[in-house]
Each structure stands twice: as structure tokens, then as C-alpha cells.
Amino acid sequence: MWDRKKPDTPQVAIREPKNLLTNKKSTDAIRPLDAIANRETGWLGSSLHVKGEIACNEDLLIDGTVEGLIQLDEWKLTVGTTAKVTADINARDVVVYGYVRGNVRARGRIEIKKDGSVNGDFTTAQIMIEDGADFKGSIEIDRSAEREADKNVASRAASA
């Protein structure tokens, strides 16, 4: 009774779903914690190729290929290391680890990381370009967009 032999068939382990963003570098550490709490993040994987317009109401991580227009308004766009984006971008914040060709307008901050490459014009309140990043274009600093974004965040926090 106690000496039962276990079957020779291997047991299948149920895999826990991974958070795909845990290994990604993030600039969220520079924002107050309450500004990023409970935020959803969409993801376009490296095998996806999108032609057209992307508009969403959440942060977005792109690892695939996108051609067209990306409209995120009050949300953050992260261009992953495997991404190739040929598009005009409008977002709150933009972080580039991969390749972007097009004009980028951000109300908050644009960051080009060490291996990132951007060919286009920027309009933003803050800019950060790491050593080793490639950039060709012009930069226009627009502080009015930053002040307006700060007002919107403050009014949302007061209503919550």
C-alpha cells in the first residue's frame, strides 16, 4: 500500500505567466510612484508588422515593426531593442532602445538609450541622449507642453 511506484510519465509543470516588462529598462523611476500606479501596458511583439495608425489609451511597448502614425497623447511609448519604427509619434513620454525614423512630439520627456537610433525632429520639454546613441535631426524645447501636462496630472490626482 505504501510502496506504490510512481508512474514513469513525466509530470507537466504549469508555467506561470511572465511579466514581459520586468526585464525591460524603464524610466518610470524618475516619475512619482502615484503617477505610474495601476497603469496598463500594451505590447507589440517582435514578430508583428503594423502598417497604419496606432492609437491607444495605455502605455505601449513596441518590439516589432511599425509604419505610419503612433498617437498616445497622455501615455508613454517605449521602442524596444528589436523595434523598427518608421512613423510620426505623439506621446507623453518616449523612450527609444531600438530604431525610429520620423518626427517625435512628447509633452514630457524623450530619451534615446545607448543603442537607440533616431532620425527625425523632436519637440519636447525634456531630452536625454545617452553616450553611444545615434541621433540625426533637430530638437525644439517646448516648456508650455510640460506645464500643461503637469496641470492635467494635478487635476486628475485631486479628483481621485
Side-chain angles (χ1 to χ4, degrees), residues 10 12-142 145-146 148-150 152-153 156:
V12 177
I14 298 173
R15 293 179 56 180
E16 294 282 329
K18 293 181 183 177
N19 181 351
L20 298 171
L21 298 177
T22 55
N23 294 331
K24 298 291 181 187
K25 298 174 185 174
S26 174
T27 61
D28 286 339
I30 63 171
R31 295 203 171 277
L33 185 58
D34 60 342
I36 60 171
N38 299 323
R39 304 249 351 204
E40 295 292 324
T41 301
W43 180 55
L44 295 176
S46 59
S47 65
L48 289 176
H49 179 82
V50 177
K51 271 188 173 182
E53 181 177 339
I54 296 175
C56 62
N57 291 321
E58 63 186 0
D59 292 344
L60 180 61
L61 170 63
I62 297 175
D63 280 326
T65 304
V66 175
E67 297 177 40
L69 174 67
I70 301 172
Q71 188 75 34
L72 299 184
D73 292 327
E74 295 300 319
W75 303 93
K76 176 181 172 182
L77 173 67
T78 303
V79 178
T81 56
T82 60
K84 290 188 172 101
V85 176
T86 304
D88 287 339
I89 299 169
N90 293 308
R92 183 198 71 218
D93 297 318
V94 178
V95 180
V96 179
Y97 292 95
Y99 175 80
V100 173
R101 181 182 185 115
N103 298 327
V104 180
R105 181 171 186 78
R107 287 174 183 50
R109 180 180 177 111
I110 297 174
E111 295 185 30
I112 307 174
K113 297 299 186 175
K114 178 177 71 167
D115 296 322
S117 177
V118 178
N119 186 348
D121 297 335
F122 289 164
T123 303
T124 186
Q126 296 177 340
I127 183 78
M128 189 197 75
I129 303 174
E130 285 186 357
D131 287 343
D134 293 325
F135 172 67
K136 183 177 181 179
S138 67
I139 300 171
E140 179 182 337
I141 301 298
D142 183 6
E146 181 184 37
E148 186 176 316
D150 288 342
N152 290 341
V153 169
R156 274 190 257 151

Nearest non-hydrogen partners of [X] and [Y], listed with the distance:
X    : Y    : result
T123 : R105 : CG2-NH1, 2.7 Å
V96  : G98  : CG1-O, 3.4 Å
V79  : Y99  : CG1-O, 4.1 Å
Q71  : N90  : OE1-ND2, 3.0 Å

Taking atom [atom1] of [X] and atom [atom2] of [Y], what is their separation to the nearest 0.5 Å?
X    : Y    : atom1 : atom2 : result
L72  : R107 : CG    : CZ    : 10.5 Å
L44  : I54  : CG    : CD1   : 5.0 Å
D73  : C56  : CG    : SG    : 9.5 Å
R101 : K136 : CZ    : NZ    : 8.5 Å
I127 : E140 : CD1   : CD    : 12.5 Å

Practice item. Answer whether the closest heavy-atom distance between the side chains of N57 and W75 falls below 4.5 Å. Key: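 Counting from C-beta outward, N57 and W75 do come under 4.5 Å.
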Review point. Between L60, D93, V95, which is the residue that forms a side-chain contact (heavy atoms from CB on, under 4.5 Å) with L77?
Key: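 Going through L60, D93, V95 one by one, the side-chain contact (heavy atoms from CB on, under 4.5 Å) with L77 is satisfied by L60 alone.
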Point to revise | Passing option when V94 is tested against I89, T78, I112, T124 for side-chain contact (heavy atoms from CB on, under 4.5 Å) | key: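 It is I89; the other options fail the test.
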Kindly say whether [Y] contributes a backbone atom to a donor-acceptor pair with the side chain of [X] at under 3.5 angstrom?
X    : Y    : result
D63  : T82  : no
D88  : N103 : yes
E130 : K113 : no

Exercise for review: Mind running side chain to side chain contact (heavy atoms under 4.5 Å, CB included) on T65 and T86 for me, showing each step along the way?
Suggested key: CA-CA 8 Å; T65 304; T86 304; over 6 Å; no
